[in-house]
Amino acid sequence: MKNVLVVGNAESVWTREYVKHIHCFLGNKVLLTDFYGLKEKDQKFYADLGVGIVDVHGDNGIVRMLKCFRKMGRVSPGKGEKIDILDIQSPPHSIQAKILEKAAKKYGGKTVVTFWGSDILTINQADADRMKGLMDCSDYINIGTNHMQEKLQSFYGNQYDDKCVFIGFGSPAFESIKNVTMSAKECKEYFGLEGDLITVEIGYNGRREQQHIPVIESLSELDEETKGRLQLVIHLGYGGDASYGAEIEEALKKSGIKYRVLTNSYDLDDIAILRRGTDIMLHAQLSDGLSGSIREAVYAGSVLVNPSWLEYTRFDEEGVEYIKYDGFEELPGIIRGIVRDEISVDREKNKKLLYEGYSWEFVRNKWMDVFDE
């Protein structure tokens with residue numbers, strides 16, 4: 001058993017599942033930062049796991065991190081015990097990184113920094129410079145994919161190559177997807193969709209970076225027969241704003257294709273039903289580190305249509321089958337080909353590969369190696 005402080009967003013499903021499936025599974029004694037104020041259900045979730053909460057919510061980022069730094073000196077896993085592992089999830093790239101650097105040097109035993117994707121893919125050199133001290137004092141830098149390592153190298157050269165490990169998170173909804181007993185038709189009807197139409201989900205959140213509108217506009221060029229066999233799904237439950245939602249709705253109305261816009265935030269069981277009811281996942285996000293939503297869609301049996309500007313090197317190396325496109329003008333032909341069974345992927349092979357590569361059961365051993373279990 002090790003004493004672990006996890007610095008990250010306690011509200012995130014990724015943090016919840018990670019703490020549960022890794023540290024709690026290994027029997028570690030865990031403290032977790034709460035920067036934003038946990039809802040009652042989340043408080044109960046962590047309490048049931050025996051996870052202690054370091055509550056520093058209610059202030060701006062710098063003040064929160066300073067409070068966290070001070071509390072690290074007072075809140076120990078047990079009297080006289082030290083922190084064996086400082087586990088930093090999605091490190092900040094502001095002055096907060098400097099504070100964490102000092103905390104790592106003063107309190108941390110082994111320091112592990114894990115990037116989640118956009119936190120490394122979307123930053124600039126100034127952001128990276130603020131994180132350099134934290135990178136210097138880290139024992140491991142977990143970056144997940146080769147693409148993310150290339151981005152890290154663009155800022156720091158090869159100086160951290162020896163520290164880099166490639167460990168992903170298990171996909172939270174895999175077990176729920178595996179346990180869905182409803183048919184694909186029933187899954188569609190659960191969300192008010194037509195059970196006999198081919199469901200195309202465009203993106204997986206409400207942010208503009210998902211580029212919903214150019215995708216919808218490209219699909220508007222489809223022939224009427226193909227349009228009649230489709231229904232589009234847009235899930236705006238995460239990110240985005242009302243004005244962008246209205247723009248999407250207007251584009252959908254003009255498309256001539258049946259559609260449904262989902263605005264709720266769903267639990268893992270509902271997400272599993274949505275994934276099982278999706279036939280095609282059409283992705284156009286500007287940057288992505290192979291998100292859990294994409295992995296879930298492929299595991300559940302969707303045909304992934306993915307842009308070439310998102311390099312899913314791991315999928316390519318592992319033999320996961322998906323459709324690539326270079327520009328939006330290619331989408332009508334691709335969707336038409338899938339609808340007519342002229343373009344296909346081996347869904348069963350994909351399902352096996354995804355579970356073996358991205359379930360908590362299979363990634364746990366890699367985390368154990370990092371934590372010297």
Rounded to the nearest 0.5 Å, how far does CG of L310 lie from OG of S287? 7.5 Å
For D136, salt bridge (charged side-chain N to carboxylate O under 4.0 Å, His left out) partners two or more places apart: K132
Regarding H212 and Y244, is there a side-chain donor-to-acceptor distance under 3.5 Å anywhere? yes
If I take atom CG from residue L282 and atom CD1 from residue I202, how far apart are they, to the nearest 0.5 angstrom? 6.0 Å
Can you tell me if NZ on K163 sees more than 12 non-hydrogen neighbours from other groups inside 6.0 Å? yes
Salt bridge E175-K178, side-chain N to carboxylate O under 4.0 Å: yes
What's the spacing between Q231 CD and T199 OG1 if we round to 0.5 Å? 4.0 Å
Check each of N205, L274, T263 against H235 using the side chain to side chain contact (heavy atoms under 4.5 Å, CB included) test, and report the only one that passes. L274
For residues Y322 and N350, is any side-chain donor paired with an opposing acceptor at under 3.5 Å? no
Salt bridge or not between D223 and R336? Use side-chain N to carboxylate O under 4.0 Å. yes
Between the CE atom in M135 and the CD atom in Q159, the distance rounded to the nearest 0.5 Å is 10.5 Å
Using the rule given for salt bridge (charged side-chain N to carboxylate O under 4.0 Å, His left out), can you reason through K349 versus E321, listing the C-alpha separation, both sets of side-chain angles and the distance that settles it, and then say yes or no? CA-CA 8 Å; K349 182 182 82 168; E321 296 185 12; 3.0 Å; yes
When rounded to the nearest 0.5 angstrom, what distance separates CD1 in I323 from CD1 in I334? 7.0 Å
Verify whether one side chain among Q153 and D161 offers a donor that lies under 3.5 Å from an acceptor in the other. yes
Exercise: do Q89 and D87 side chains pair donor with acceptor under 3.5 Å: yes
For S90 and D119, which I'm curious about, is there any donor-acceptor pair between the side chains at under 3.5 Å? yes
Answer yes or no for R275 and Y299: cation-pi contact, defined as NZ/CZ to six-membered ring centre under 6.0 Å and angle to ring axis within 45°. no
Can you tell me how far CG of L331 sits from OG of S220, rounded to the nearest 0.5 angstrom? 11.5 Å
Can we say K352 and E356 salt-bridge, meaning some charged N sits less than 4.0 Å from an Asp/Glu carboxylate O? yes
Tell me which donor-acceptor pairs under 3.5 Å the side chains of residues 144-152 have, and how far apart each pair is, sequence neighbours excluded?
| residue | atom | partner | partner atom | Å |
| --- | --- | --- | --- | --- |
| T145 | OG1 | M148 | N | 3.2 |
| N146 | ND2 | E317 | OE2 | 3.4 |

Considering residues at least two apart in sequence or located in another chain, which fulfil the ring-ring contact (aromatic ring centres under 6.0 Å, His included) criterion with Y160? Y156
Verify the distance criterion only: is there a donor paired with an acceptor across the side chains of N306 and Y325 at less than 3.5 Å? no
Kindly say whether Q96 contributes a backbone atom to a donor-acceptor pair with the side chain of S94 at under 3.5 angstrom? yes
Verify whether one side chain among T111 and D139 offers a donor that lies under 3.5 Å from an acceptor in the other. no
Does the side chain of E296 pick up a donor-acceptor pair with the side chain of S171 at under 3.5 Å? no
Got a donor-acceptor contact below 3.5 angstrom from the D84 side chain to the V4 backbone? no
Measure the shortest side-chain to side-chain distance between H21 and W367 over non-hydrogen atoms and say whether it is less than 4.5 angstrom. no
Does the gap between the ring centers of H283 and Y204 come in under 6.0 Å? yes
Just checking, is any N or O donor in the side chain of E249 or Y259 under 3.5 Å from an acceptor N or O on the other one? yes
Assess whether ring pair (Phe, Tyr, Trp, His ring centres under 6.0 Å) is satisfied between Y18 and F25, documenting all intermediate values. CA-CA 10 Å; Y18 167 71; F25 180 88; over 10 Å; no
Does D127 pair with R130 as a salt bridge, N-O distance under 4.0 Å? yes
Tell me if the CD atom of E40 is crowded by more than 12 foreign heavy atoms within 6.0 Å. no
